[in-house]
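Report on the following structure.
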Amino acid sequence: METIPTNEERLAKLEGMGCSRKRYEDPRFIQGKGNYVDDVKMPGMLVGVMVRSPYAHARIKSIDTSRALAHPGVYAVLTAEDLKPLKLHWMPTLAGDVQAVLADGKVSFQNQEVAFVVAEDRYIAADAAELVEVEYDELPAVVDPMKALFPDAPIIREDIQDSKVGAHGVRTHPNHIFTWDIGDKDKTDRAFDNAEITVKQDMIYQRVHPCPLETCGCVASYDKIRGDLTVYITSQAPHVVRTVVGMLSSIPESKIRIISPDIGGGFGNKVGIYPGYVCAIVASIVLGRPVKWIESRTENLTTTAFARDYHMTGELAADKDGKIKALRVHVTADHGAFDACADPSKWPAGMFHVVTGSYDIPNAFVSVDGIYTNKCPGGVSYRCSFRVTEAVYLIERMVDVLAQKLGIDKAEIRFRNFLRKDQFPYQSALGLEFDSGDYEPALRKGLAAIDYPAMRAEQAAMRADPTSETLMGIGICTFTEIVGAGPSKSCDILGIGMFDSCEIRVHPDGSAIARMGTISQGQGHQTTYAQIIASEAGIPASLIKVEEGDTSTAPYGLGTYGSRSTPVAGAAIARASHKIREKARKIAAHLLEVSPDDLEFDLDRFVVKGAPDQAKTMKEVAWAAYNNVPEGMEMGLEAVDYYDPPNFTYPFGAYLCVLDVNRFSGETKVRRFYALDDCGTRINPMIIEGQIHGGLTEGFAVAMGQQLTYDEAGNVLGGTLMDYFLPTSMETPHWETDFTVTPSPHHPIGAKGVAESPHVGSIPCFTAAMVDAFAHLGVTHMNMPHNSFRVWQQSHALGIDQR
Ligand code: PCD
Ligand SMILES: [Cu+]
């Protein structure tokens, strides 16, 4: 007789939630067996290259494509004139604006798409692109959003120059996109009028770019005989691409197949629809041959989806003990030449209103103005679920500024203002409902981990020593994130609610295939999704095949960004697993000739209550599902779930950073970085740790070096990795990670998203530490990036850079 495995053995075999199961994906990635878009090669495939504008703002007087067309190996050169008859020279953006696919009479940012050259191969296409002769008439450019609102500023969008109302309400200037107000202005103003103390700080969150290792691209293949369009694409939201392509082309969605194969990092960069995709699709339809388009690094850095460019002013009102009474914020948001924000919510500044942070702030008012400038369009959530990193940066900076003004310790002021555990679910003054949190123990753990009192004592000693070449800074960030877009009442893309989905089919041998509407870009969904099913349906993770990213097989879903896969698809996976389990229970009851209520689910089997030797395993049930089901039941064992979450999830964390700054050179060394994260129920602790390392490294990159700078004429300075900071293992500090577990009350398995938290939480922490190094000299804020030159400038301004 077969010996029944022990509980431990069965649990180990399942590799369910909580297990640091090794990543299923890694053998293929490590051995170079991944399959990325640029790996796709089709018979007869042509390659397209963009002709781009050297000017930030210019009228196009003429485009002469004849020399390019005459070049051997060239098949087509598309311009706006060619797209006009198809009504494809402009396309809708995800933010309710329109964007030129190929410049229509005018260019509005440097490297804007002007023509698309299709040729035998990439070299020929690039050579021919040089032969396209474009005559420009340069116009004055404006790159500063404040100056864009001057009465005599150059008008960027002549196409909508006279419209007084845009997608998000009234426009007050031709370069003004919207004003978005939220909160109670009168109450907030009154709280400020009556406050014992107020503080105010301006800050700039610089323009940055997500910079995934793989640039954007696609291979479009139109089959003229069948009328089918297949597109391999670097998309974080393949189903959305299918819907948009359907809308633009009038091809029914049933004849469009969008496939996101392996993706070499997304980070928000691959949410939007870019002109290159549209041009490749049009070229394939026109030429009847597959057409590939892959961006160069410079094209990626300078033309696809930037992030931030938020110019913020924060104000806090408080009493003398540092208890916050009100928050007031104004933001000037530079959206570039077209409003192409990949914002999953109905709010034009995304989830910025999470800006009250981890604190009990009774009154708040926020106003955001969106502005056009002669810069690249975009506005994506570079590792933050959209404008959350901006919000967290603002509130964390403001709390520090207040502490400094009052002479209260920066940890102590947080304890005085934290939301208490018993206040959840908490209605914020800006209308959000924070699901769960427990902030105080998290910060206490962090303070103990770095021995905060000892650090402050060391800092005091250094400050007292006039010969010390080092300035020591201690940064604290106690952030609350908002992830998991989202409830369809507040989140949609082009009118489609932001649900997500899962479909599970169990085979006769007890193995299974599962498909979801999300798409991994390196997060390891194939590993972790199987773990959820393992725990919830009792099928070993190693027997579950997880597939995402092919619209012809996966159920409709809104994709992966905004750390939404766990909060939304993860919930659908759990619920689909429960449906499987409940059908299996009935089959097991039938096999055991008992009532379903007499059965208990035990890891991987159903056991008769009170008779532990009478059981049916999921494997046995799976076989029976195909030959011996209760009368009246359909055969098979499969389930589908579409999940529209009731709320977002609110992961949080406590981060601490200790920095040593050389006041003569501005060089900085991160001595300690401690990150405690709470994402509720943890599915794979090892993957979470990897996600946190990645997010912290990108946070380090943004805080210490990343910036897309423009000169007055609108030239992008630093559109290559020589200038744009991408940290390697050489620059990256050592990370210390920790956690607490506060489950989400509304998520079926209590899980919250985690992937963006480390990015959102670390950036203000680095700035806080940097400012803290200079705080005793009266400095309250320093704008990022904190590279050596800029830090030295601060030192120099204070006159402490000389020996
Ligand atoms: N509690 C929990 C949570 C979570 N998890 C895990 O972790 C991960 C993540 O998750 P999440 O948080 O949910 O998220 P997702 O959705 O998946 O993802 C997204 C993210 O993710 C991140 N990470 C990463 N990684 C990699 N590798 N790559 C990439 O790209 C990336 N990206 C980035 C980003 S940026 Mo945005 O897009 O900006 O919005 S958003 C983002 C997965 O695997 C999961 O399963 C676990 O375990 N547990
Ligand atoms: Cu964002």
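Both counts, for ligands and for their atoms, begin at 1 and track the order of listing.
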**Asked** Quick one: does ligand 1 sit under 4.0 Å from the side chain of Tyr382, the backbone, both or neither, non-hydrogen atoms only?
**Response** backbone

**Message:** Has Ser345 got a side-chain atom pairing as donor or acceptor with Trp347's backbone, closer than 3.5 angstrom?
**Reply:** yes

**Message:** Ring centres under 6.0 Å, that's the criterion: do Phe424 and Tyr650 meet it?
**Reply:** no

**Request:** Report yes if Gly266 has an N/O atom closer than 3.5 Å to an N/O atom of ligand 1; otherwise report no.
**Result:** yes

**Message:** Under a 4.0 angstrom heavy-atom cut-off, which atoms of ligand 1 come close to Gly265?
**Reply:** 30 (O)

**Prompt:** Can you tell me the protein heavy atom closest to atom 12 (O) of ligand 1 and the distance?
**Reply:** Val754 N, 2.7 Å

**Prompt:** Which one holds for Thr528 and ligand 1: side chain close, backbone close, both close, or neither close, with close meaning a heavy atom under 4.0 Å?
**Reply:** side chain

**Message:** Just to confirm my output: which protein heavy-atom neighbour is closest to atom 11 (P) of ligand 1, and how far is it?
**Reply:** Thr566 OG1, 3.6 Å

**Item:** Numbering as shown, the atoms of ligand 1 that approach Gly753 to under 4.0 Å (heavy-atom distance)
**Value:** 12 (O)

**Message:** Gly562 versus ligand 1: do any nitrogen or oxygen atoms come within less than 3.5 Å of each other?
**Reply:** yes

**Asked** Do Arg564 and Tyr561 meet the cation-pi criteria used here (NZ or CZ under 6.0 Å from the six-membered ring centre, within 45° of the axis)?
**Response** yes

**Item:** Protein contact of atom 23 (N) of ligand 1 - nearest heavy atom, named by residue and atom, plus distance
**Value:** Gln691 OE1, 2.6 Å

**Message:** Using a strict threshold of under 4.0 Å (side-chain N to carboxylate O), is an ion pair present between Asp644 and Lys489?
**Reply:** no

**Prompt:** Nearest protein heavy atom to atom 19 (C) of ligand 1, by residue and atom, and its distance?
**Reply:** Gln523 NE2, 3.4 Å

**Prompt:** Hey, which of Gln526, Arg515, His525 is the one that makes side chain to side chain donor-acceptor pair (under 3.5 Å) with Glu547?
**Reply:** Arg515

**Message:** Centre-to-centre under 6.0 Å for Tyr655 and Tyr674, is that the case here?
**Reply:** no

**Asked** Can you tell me if CZ on Phe739 sees more than 12 non-hydrogen neighbours from other groups inside 6.0 Å?
**Response** no

**Asked** Between Gly522 and ligand 1, is there a nitrogen or oxygen pair with a distance under 3.5 Å?
**Response** yes

**Message:** Between Tyr310 and Tyr205, is the ring centroid distance below 6.0 Å?
**Reply:** no

**Fill in**
Logged contact type for Arg564 with ligand 1, heavy-atom cut-off 4.0 Å, is backbone

**Electrostatic pair Arg383:Glu756 at N-O distance under 4.0 angstrom** = no

**Message:** Is it true that Ser260 and Lys270 share a donor-acceptor pair across their side chains at a distance under 3.5 Å?
**Reply:** no

**Prompt:** Yes or no on salt bridge (Lys or Arg N to Asp or Glu O under 4.0 Å) for Glu15 and Lys13, after CA distance, side-chain angles and deciding distance?
**Reply:** CA-CA 6 Å; Glu15 296 186 289; Lys13 184 161 184 236; over 6 Å; no

**Asked** So, the side chain of Thr527 versus the backbone of Arg23: is there a donor-acceptor pair under 3.5 Å, distance only?
**Response** no

**Asked** Which residue supplies the protein heavy atom nearest to atom 32 (N) of ligand 1, what is that atom called, and how far is it?
**Response** Phe267 CD2, 3.3 Å

**Request:** Please identify which atoms of ligand 1 are closer than 4.0 Å to at least one heavy atom of Gln521.
**Result:** 28 (N), 29 (C), 30 (O), 32 (N)

**Request:** Between Ile263 and ligand 1, find which residue part has any heavy-atom pair under 4.0 Å and reply side chain, backbone, both or neither.
**Result:** neither

**Prompt:** Counting only heavy atoms, which portion of Ile683 has something under 4.0 Å from ligand 1: side chain, backbone, both, or neither?
**Reply:** both

**Complete:** Closest to atom 38 (O) of ligand 1 by heavy-atom distance, out of Gly268, Gly690, Pro685, Ser381, is Ser381

**Prompt:** Side chain or backbone of Lys752 under 4.0 Å from ligand 1, or both, or neither, by non-hydrogen atoms?
**Reply:** backbone

**Complete:** Taken in chain and number order and not counting sequence neighbours, the residues that satisfy side chain to side chain donor-acceptor pair (under 3.5 Å) with Asp334 are Thr373, Lys375

**Message:** To check your reading of the model: name the closest protein heavy atom to atom 9 (C) of ligand 1, its residue, and the distance in Å.
**Reply:** Ala755 CB, 3.8 Å

**Request:** Assess Cys384 for proximity to ligand 1: is some non-hydrogen atom of it under 4.0 Å away?
**Result:** yes

**Message:** Give the atom numbers and elements of ligand 1 that come within less than 4.0 Å of a heavy atom of Thr681.
**Reply:** 1 (N), 2 (C)

**Prompt:** How far does CG of Leu676 sit from CG of Asp738, to the nearest 0.5 angstrom?
**Reply:** 4.5 Å

**Prompt:** Of all the heavy atoms in Cys679, does at least one lie under 4.0 Å from an atom in ligand 1?
**Reply:** yes

**Request:** If you have a sec, work out which protein heavy atom is nearest atom 7 (O) of ligand 1 and how many Å separate them, to one decimal?
**Result:** Ile687 CG2, 3.8 Å

**Request:** With atom 17 (O) of ligand 1 as the reference point, say which of Gln531, Gln526, His525, Arg682 has the nearest heavy atom.
**Result:** His525

**Item:** Short N or O distance, Glu756 and ligand 1, threshold 3.5 Å exclusive
**Value:** yes

**Asked** Hey, does the side chain of Thr302 reach the backbone of Gly719 with a donor-acceptor pair shorter than 3.5 angstrom?
**Response** no

**Request:** Check if Ser385 has a non-hydrogen atom at a distance under 4.0 Å from any atom of ligand 1.
**Result:** no

**Protein heavy-atom partner closest to atom 15 (P) of ligand 1 - residue, atom, separation in Å** = Ser565 OG, 3.5 Å

